[in-house]
Amino acid sequence: MKLTLSGIKDRAAWEAAGIRLPSYDVEAVAAKTKEAPVWVHFGAGNIFRIFIGGLADRLIAEGATDKGITCVETFDFDVVDKIYVPYDNLVLAVTLKADGSTDKAVLGSLTEAIKAQSAAPEQWNRLKEIFVNPGLQMISFTITEKGYALTNAEGSYFPFIQADIDNGPEKPGAAMAVVTALLYERFQAGKYPLAVCSMDNCSHNGEKLQASITTMAKEWQKKGFVGEDFVAYLEDEKQVSFPWSMIDKITPRPADSVCRELEKIGVEDIAPVITSKKTFIAPFVNAEGPQYLVIEDKFPNGRPELEKAGVYMTDRDTVNRVERMKVTTCLNPLHTALAVYGCVLGYDLIADEMKDPELNRLVHEIGPVEGMPVVTDPGILSPKDFVDEVINVRIPNPFMPDTPQRIATDTSQKVGIRYGETIKAYVAKDGDAKKLTAIPLAIAGWCRYLLGVQDDGAAFELSPDPMAAELTEALAGIEVGKPETYTGQLKGILSNANIFGTDLYEAGIGEKVEDMFKELIAGPGAVRATLKKYVG
């Protein structure tokens, strides 16, 4: 059983193994899509393949469309060579259920895979050909928030972005220059309308994408590469729209256990690979079952009937409220607390942490108890039902191979929205946030995590974070087991509004976090004792 177009022709073997195959003619769909693409997606990684690819697969299967998605990789070109091409763009989607069973299906909706390489004429000309097609309706993105970043912390352009500005639309390198150059092709061909839709897991994603693309265009205009009329085209949302969205589906890296299960039932050549850019990826994708996608319904050239695949199509305010609900209350703050305490307490699976009485109680206190009184109710989804599913179904799923070490990545970039927004809401409501306990405990836990020492005294490696060096330097001199070595080193961090979105001392909880931190560093076992004291 090989995951190729010829391999899936033996339907009986796949179905006997419990793997659903496409009910439609994959090759016919691919041919129609190549002839006149309607949907291009940038960022050909795992969440796209199983979630967005799954949506398109469902629409094709139900007869709501006869076209799939054109996949474009902007960063790691090995993904195209190693995961798309050898498998004829097919994906083996594995849904991990809480009872240990799996749902397995081959998706045939990803019809073409292209490298966004302006230096490779064949690939680049194909992209141009697609973008000048008047029938193209939407382009979407899962390239992570970093993919939209143009400047460093000081506000200067990254060197690779400056190179893209200097080189103009003929030789783009990074994603934002590539997309802006392709939009310029579309503009020149006839000012055709298009929706440019971020599906990345970040706040105000459409706004971030729009800002990056228009900035690139304006820099090119200054250098004479493009005219003012191109910038005006990008800024006219009746021509080019940038819908906001909220996406939610936990999609961990490919699990060895899933690979072994697939090999056992006879699927060949399914093992993960590590690319030259350190992407860990496989022909299969494993993910949880629950998934949410909420999109602002602003598509000036029409769109696929996404609502038929379970997508919530709504207005911008509702998207914003759903995103705030998830990121500030119902999911992300809980994940971050489990991540930092999980690393310090020696856990390597998020699901196992939910069996820990103190950690289980901590996430209950952060979400339903402290977050819920100031949550923004989006109307289309119930915050109570959402957080109940997160705490009782999603995070405890023992077959989700998600680790605290993965989720602890880039925490300095996340605490401002995940905790700072709730803190600010309490200040606005009560004048201060002094009634909070679990959220300050989560923040103190992050600061304790930054010492890189577990509760038993063993050292561990911090997950990647752009502020890691700066933060660990600020904590210099603090020793676990010697609380007297704390002499106020946290003050600069806790008062930094760039990190938390507010000064925690002005919010009335800076001192509380310091006191908790001193308890957390008292000695071996102090982390456990502190958790028991506050949430036991």
* **A468 backbone acceptor or donor facing T472 side chain under 3.5 Å** => yes

* Asked: Should the pair D515-K518 be classified as a salt bridge under the 4.0 Å nitrogen-to-oxygen rule?
  -> yes

* Residue pairs fulfilling salt bridge (charged side-chain N to carboxylate O under 4.0 Å, His left out) with at least one residue in residues 318-334, sequence neighbours excluded -> R324-E421

* Asked: Taking only residues two or more places apart in sequence, or in another chain, which ones meet E296 in a salt bridge (Lys or Arg N to Asp or Glu O under 4.0 Å)?
  -> K298, R316

* Can you run down the salt bridge (charged side-chain N to carboxylate O under 4.0 Å, His left out) pairs that involve residues 279-290, sequence neighbours left out, and say none if there aren't any? => E288-R394

* Asked: With sequence neighbours left out, what residues match N397 under side chain to side chain donor-acceptor pair (under 3.5 Å)?
  -> none

* Under a 4.5 Å cut-off applied to non-hydrogen side-chain atoms, are F386 and V390 in contact? -> yes

* To do: Give a yes or no answer on whether the side chain of Q489 reaches the backbone of T487 with a donor-acceptor pair at less than 3.5 Å.
  => yes

* To do: Would you confirm whether E73, through its side chain, and F75, through its main-chain N or O, come within 3.5 Å as a donor-acceptor pair?
  => yes

* Where T279 and V79 come nearest, the two heavy atoms and their spacing -> CG2-CG2, 4.4 Å

* Is the F225 ring parallel, tilted or perpendicular to the W220 ring (thresholds 30°, 60°)? -> perpendicular

* Taking S463 as the fixed residue, which of V340, T403, T409 is the one that meets the side chain to side chain contact (heavy atoms under 4.5 Å, CB included) rule? -> T409

* Asked: Got a sec, which residues hit side chain to side chain donor-acceptor pair (under 3.5 Å) with D317, two or more places apart in sequence or on another chain?
  -> none

* Which pair of heavy atoms, one from A287 and one from I50, lies closest together, and at what distance? -> CB-CD1, 3.8 Å

* Asked: For E237 and F242, which heavy atoms make the closest approach, and how far apart are they?
  -> OE2-N, 3.6 Å

* Asked: Among side-chain atoms of T142 and H41, is any donor-acceptor pair under 3.5 angstrom?
  -> yes

* Would you check if Y534 and M516 make a side-chain contact, meaning some heavy-atom pair closer than 4.5 Å? => yes

* Asked: Quick one: does V196's side chain get under 4.5 Å of L183's, heavy atoms only?
  -> yes

* Residue pair K355 / N360, side-chain heavy-atom distance below 4.5 Å -> no

* Write down the atom of G289, the atom of K249, and the distance for their closest heavy-atom approach. => O-NZ, 3.3 Å

* Check whether any side-chain N or O of Y184 sits under 3.5 Å from a backbone N or O of A217 as a donor-acceptor pair, and report yes or no. => no

* May I ask you to decide if N46's main-chain N or O and T251's side chain share a donor-acceptor pair within less than 3.5 Å? => no

* **Pairs meeting criterion side chain to side chain donor-acceptor pair (under 3.5 Å) with involvement of residues 425-441, two or more places apart** => D430-K435

* **Matching residue for V40 among I114, V179, T70, I69 - test: side chain to side chain contact (heavy atoms under 4.5 Å, CB included)** => T70

* With a 4.5 Å heavy-atom cut-off, do M199 and N205 have their side chains touching? -> no

* Asked: Restricting to pairs with a member in residues 454-481, which pass salt bridge (charged side-chain N to carboxylate O under 4.0 Å, His left out), not counting sequence neighbours?
  -> E479-K482

* Check: S245 side chain, C197 main-chain N or O, donor-acceptor pair, under 3.5 Å -> no

* Look only at the side chain of R406 and the backbone of A339, and say whether a donor-acceptor pair between them is shorter than 3.5 Å. => no

* Asked: Regarding D76 and T275, is there a side-chain donor-to-acceptor distance under 3.5 Å anywhere?
  -> yes

* Asked: Does anything in residues 339-349 pair up under side chain to side chain donor-acceptor pair (under 3.5 Å), and if so which pairs, sequence neighbours excluded?
  -> Y347-D356

* To do: Kindly indicate whether the side chain of W124, heavy atoms from C-beta on, has any atom under 4.5 Å from the side chain of V178.
  => yes

* **E358 and R361 ion-paired at < 4.0 Å** => no

* **Heavy-atom closest pair, residues P254 and N286** => CA-OD1, 3.3 Å

* Over all heavy atoms of both residues, which pair between M372 and V387 is shortest? Give the atoms and the distance, please. => CE-CG1, 3.6 Å

* Identify, with sequence neighbours excluded, every residue that meets salt bridge (Lys or Arg N to Asp or Glu O under 4.0 Å) alongside K277. => none

* Any donor-acceptor pair under 3.5 Å from T336 side chain to P333 backbone -> no

* For the side chain of S495 and the backbone of D503, is there at least one donor-acceptor N/O pair under 3.5 Å apart? -> no

* Given side chains that start at C-beta, do those of E514 and L494 come closer than 4.5 Å, heavy atoms only? -> yes

* Looking at side-chain heavy atoms only, is the closest gap between C71 and F48 below 4.5 Å? -> yes

* **Pairing residues for Q123 by the side chain to side chain donor-acceptor pair (under 3.5 Å) criterion, not counting sequence neighbours** => none

* Structure fact -> So salt bridge (charged side-chain N to carboxylate O under 4.0 Å, His left out) across residues 138-165, not counting sequence neighbours, yields E145-K208, K146-D410

* **Set of side chain to side chain donor-acceptor pair (under 3.5 Å) partners for N167, sequence neighbours left out** => none

* Could you go step by step and tell me if T144 and D200 meet the side-chain hydrogen bond (donor to acceptor under 3.5 Å, both in side chains) rule? -> CA-CA 6 Å; T144 78; D200 272 300; 5.5 Å; no

* Relative to the ring of F141, is the ring of Y148 parallel (under 30°), tilted (30 to 60°) or perpendicular (over 60°)? -> perpendicular

* Short side-chain to backbone donor-acceptor contact, R448 and I443, under 3.5 Å -> no

